[in-house]
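Before any comments, here is the structure.
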Amino acid sequence: MTQGLPPALSVRALGLSYGATRILDGIDLTLPAGEVLALLGPSGSGKTTLLRLLAGLLRPDAGRIEIAGKAVADPGRGLFAPPERRGLGMVFQDYALWPHLSVARNVAFPLEMQRCPTAERRARVTRALERVGLAALAERRPSELSGGQQQRVAIARAIVAEPPLVLFDEPLSNLDRELRETMVDEIAALVADLKLSAVYVTHDHAEALALADRIAVMRDGGIAQLAAPATLIDAPASAGIAAFLRLGTLLPASRTEAGWTITGSRVALPDPPNAPAGAAARVLLPERALAPAATASPDARARLAARVLRVQVRASGFALTLRLAGTEHEVALLSPRPAAPGDDLELAFAPEALRWFPATDDPTDHPLP
Ligand SMILES: Nc1ncnc2c1ncn2[C@@H]1O[C@H](COP(=O)(O)OP(=O)(O)OP(=O)(O)O)[C@@H](O)[C@H]1O
């Protein structure tokens with residue numbers, strides 16, 4: 001966080017309805033200056049609507065938005081600042097460049113709006129284009145650039161005026177996978193170098209984890225969990241969030257006289273640290289906590305037998321799909337050693353790596369994007 005500055009963004013009790021349908025409700029957020037917040041959620045969860053409210057493209061019907069300490073929307077007080085008075089940088093998935101203007105003129109646009117003197121404008125445009133590696137293409141038209149280059153122009157335009165907040169709306173979704181991965185790293189480096197504050201909408205959890213200081217997982221027009229990436233992975237607030245983030249296998253568990261077992265089997269599970277209420281629960285077996293027994297870490301004190309169903313060779317190892325012995329449940333695992341379909345393996349893990357949820361917490365209510 002940048003010391004002494006007001007939060008880049010503060011949102012309190014924000015809400016919006018279309019007719020009788022409540023689209024967003026009770027949104028509370030604070031983004032310290034210099035941090036990146038990702039809005040992550042499945043299609044229809046309200047990410048774009050929230051971003052449009054921040055941009056001033058939509059009016060809320062309840063709550064308050066402050067940007068860098070200044071109120072920009074507060075319907076209770078009749079306050080609403082339109083987009084041009086918020087001074088934000090914005091990057092959209094379709095680039096939104098002026099086709100008839102050169103790259104340099106596109107990037108200069110926000111400075112022209114601010115009536116920035118010509119010499120300073122030229123210097124800042126050059127600097128912004130250098131930052132995104134496009135200084136050599138300043139006189140081209142957008143149509144003479146690749147998709148990735150066009151998006152770099154849009155990013156240069158969004159940062160040229162050093163706005164208090166940059167909004168990214170799924171900026172990489174039109175690019176192919178390889179370029180997306182490169183550009184996630186580039187955006188992360190740029191945002192960190194310039195100490196920008198940013199809100200980044202995505203439905204791709206890998207993008208959110210790579211870029212954000214904090215992630216708001218959105219669901220049904222609300223925030224289901226707001227946490228740092230490491231916390232979200234280590235302690236998802238619900239089985240639904242664990243399923244959405246694809247953290248591992250969710251198993252139904254039952255309490256029997258002999259202890260907890262995987263429901264419908266005799267396969268024993270280690271006792272949970274805090275006993276879930278009732279005789280049924282859902283347990284997450286996190287993929288990153290599992291290892292084939294021979295390569296397991298020394299603190300692995302629990303084991304499950306499994307049979308290999310499928311193997312995919314990856315650059316980083318062997319992606320195994322296994323069936324837990326005595327059950328119909330499948331688990332995925334990245335193994336450093338090769339295996340073949342039909343092989344029997346023991347999976348080792350530390351019992352405290354398991355995450356327990358109430359049986360009523362149904363991950364299938366949380367559709368994947
Ligand atoms: N103009 C509108 N009128 C009525 N309902 C709308 C309107 N715009 C969006 N919605 C509804 O609001 C909800 C949230 O939509 P929003 O576009 O914010 O979701 P999203 O999380 O950004 O989804 P996606 O990833 O598909 O863009 C959806 O149920 C959508 O159908």
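Counting starts at 1 for both ligands and their atoms, in listed order.
Note that the CG atom of Leu97 and the CG atom of Leu145 stand 8.0 Å from one another [nearest 0.5 Å]. Between the OG1 atom in Thr202 and the CD atom in Gln93 there is a gap of 10.0 Å [rounded to 0.5 Å]. Here the CZ-CD distance, from Arg310 to Glu330, works out to 5.0 Å after rounding to the nearest 0.5 Å. Considering CG of Asp176 and CD of Glu181, their distance stands at 10.0 Å, rounded to 0.5 Å.
Every heavy atom of Gly41 sits 4.0 Å or more from the atoms of ligand 1.
Within 4.0 Å of atom 13 (C) of ligand 1, at least one protein heavy atom is present. Atom 31 (O) of ligand 1 lies below 4.0 Å from none of the non-hydrogen atoms of the protein.
Protein heavy atom at the shortest distance from atom 28 (C) of ligand 1 is Gly44 O, 3.8 Å. Looking only at protein heavy atoms, the nearest one to atom 19 (O) of ligand 1 is Gly46 N, 3.2 Å. Given atom 26 (O) of ligand 1, the protein heavy atom at minimum distance is Ser43 OG, 2.6 Å. The nearest heavy-atom contact from the protein to atom 25 (O) of ligand 1 is Lys47 NZ, 2.8 Å. Atom 2 (C) of ligand 1 has Tyr18 CE1, 3.3 Å as its closest protein atom, hydrogens excluded (heavy atom only). Here the heavy atom of the protein found nearest to atom 17 (O) of ligand 1 is Thr48 CB, 3.8 Å.
The shortest side-chain heavy-atom distance between Leu37 and Leu226 falls under the 4.5 Å cut-off. Using a 4.5 Å cut-off on side-chain heavy atoms (C-beta onward), Phe244 and Pro236 make no contact. Side chains of Leu40 and Leu209 form no contact here, defined as non-hydrogen atoms less than 4.5 Å apart.
In this structure, Arg86 satisfies the cation-pi test against Phe80, with its NZ or CZ atom closer than 6.0 Å to the six-membered ring centre and inside 45 degrees of the ring normal.
Proximity to Glu170 (heavy-atom distance under 4.0 Å) selects the following atoms of ligand 1: 25 (O). Heavy-atom contacts of Pro42 reach the following atoms of ligand 1: 21 (O) (cutoff under 4.0 Å).
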Residue pair Asp234, Arg355: steps toward the salt bridge (Lys or Arg N to Asp or Glu O under 4.0 Å) verdict
CA-CA 9 Å; Asp234 186 55; Arg355 295 290 172 264; 3.1 Å; yes
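Taking distance alone, with nitrogen or oxygen atoms compared against 3.5 Å, Thr49 approaches ligand 1 more closely than that limit. Below 3.5 Å of separation, one finds no N or O of Ile23 facing any N or O of ligand 1.
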